[in-house]
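Report on the structure given below.
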Amino acid sequence: QLQFVESGGGLVQPGGSLRLSCVASGFTLDGYAIGWFRQAPGKEREGVSCITKNSKRINYPKSVKDRFTLSRDNAKNTLYLQMNVLKPEDTAVYYCAVDRNPYADACTLVPRRYEYWGQGTQVTVSS
């Protein structure tokens with residue numbers, strides 16, 4: 001069964017860093033486009049990064065570009081999200097998910113294109 005388990009969230013002060021992990025089971029990460037998403041209370045889920053299958057390209061929205069870095073360890077079947085210079089507006093539950101289209105050559109930050117969502121990990125940025 002295809003499944004994601006996210007971890008690494010916590011409470012951090014503004015300007016701090018966290019590294020989130022997303023461990024996949026039931027399939028091989030490298031064969032699919034995978035995305036990181038977040039959802040703050042009262043807001044819609046938004047994409048914060050995605051990586052194409054075979055790691056050819058990584059995309060970020062402007063809100064996190066140059067602060068967040070996505071990486072993949074194929075040996076561990078794990079996706080990471082390194083988050084630096086965190087801001088209070090980064091507070092949210094963070095999720096990873098897989099693109100519904102296994103043949104996609106690109107990756108999108110649109111949540112409805114993804115499925116098999118993990119349970120999420122809470123990130124709180126506050127002083």
- Quick one: CD1 on I51 to CD1 on I58, what's the gap to the nearest 0.5 Å? 4.0 Å
- Check whether any side-chain heavy atom of V123 sits under 4.5 Å from a side-chain heavy atom of L18, and report yes or no. yes
- Query: About how many Å separate CG of L79 and OG of S49, when rounded to the nearest 0.5 Å?
  - Reply: 7.5 Å
- Could you grab the distance from atom CD of Q13 to atom OG of S127, nearest 0.5 Å is fine? 7.0 Å
- Query: What pairs meet the salt bridge (charged side-chain N to carboxylate O under 4.0 Å, His left out) rule with one or both residues in residues 16-35, with sequence neighbours excluded?
  - Reply: D30-R72
- Item | Validation row: L29, F27 side chains within 4.5 angstrom (heavy atoms) | yes
- Message: P102: which residues meet the side chain to side chain contact (heavy atoms under 4.5 Å, CB included) condition with it, sequence neighbours left out?
- Response: Y32
- Query: Are any non-hydrogen side-chain atoms of E6 and Q119 less than 4.5 angstrom apart?
  - Reply: yes
- Nearest-0.5 Å distance that lies between atom CG in L86 and atom OG in S17: 6.0 Å
- Message: When you compare the side chain of F4 with that of L2, does any pair of heavy atoms fall below 4.5 Å?
- Response: yes
- Do M83 and L20 have side-chain heavy atoms sitting under 4.5 Å apart? yes
- Note on the structure: For residues 52-89, the disulfide bond (SG atoms under 2.5 Å apart) pairs (sequence neighbours left out) are none
- Query: Which other residues end up in the same hydrophobic cluster as F37, if Ile, Leu, Val, Met, Phe, Trp and Tyr are linked when side-chain heavy atoms come under 4.5 Å apart?
  - Reply: V93, Y95, Y114, W117
- Hydrophobic cluster partners of Y103 (side-chain heavy atoms under 4.5 Å): none
- Task: Using side chain to side chain contact (heavy atoms under 4.5 Å, CB included) as the criterion, list what pairs up with S126, not counting sequence neighbours.
- Result: L11, T124
- About how many Å separate CG of D66 and CG of N84, when rounded to the nearest 0.5 Å? 11.0 Å
- Query: Is there any disulfide bond (SG atoms under 2.5 Å apart) pair reaching into residues 9-51, and which pairs are they, with sequence neighbours excluded?
  - Reply: C22-C96, C50-C107
- Message: Rounded to the nearest 0.5 Å, what separates atom CZ in F68 from atom CG in L81?
- Response: 6.0 Å
- Message: Give me each pair satisfying salt bridge (charged side-chain N to carboxylate O under 4.0 Å, His left out) with a member in residues 83-103, each pair once, sequence neighbours excluded.
- Response: R38-D90, R67-D90, D99-R113, R100-E115
- Item | Partner set under side chain to side chain contact (heavy atoms under 4.5 Å, CB included) for T78, not counting sequence neighbours | S21, V23, K76, Y80
- Sequence neighbours excluded, which residues qualify as ring-ring contact (aromatic ring centres under 6.0 Å, His included) partners of Y116? none
- Please tell me if the side chains of T52 and D105 come closer than 4.5 Å, counting only heavy atoms from C-beta onward. no
- Establish whether V12 and V64 are linked, either directly or via other cluster members, by ILVMFWY side-chain heavy-atom contacts under 4.5 Å. yes
- Query: Does any non-hydrogen side-chain atom of T91 lie less than 4.5 Å from one of Q122?
  - Reply: yes
- Note on the structure: Residue pairs meeting ring-ring contact (aromatic ring centres under 6.0 Å, His included), one or both in residues 41-66, sequence neighbours left out, come to none
- If you group Ile, Leu, Val, Met, Phe, Trp and Tyr whenever their side-chain heavy atoms sit less than 4.5 Å apart, what else falls in with V85? none
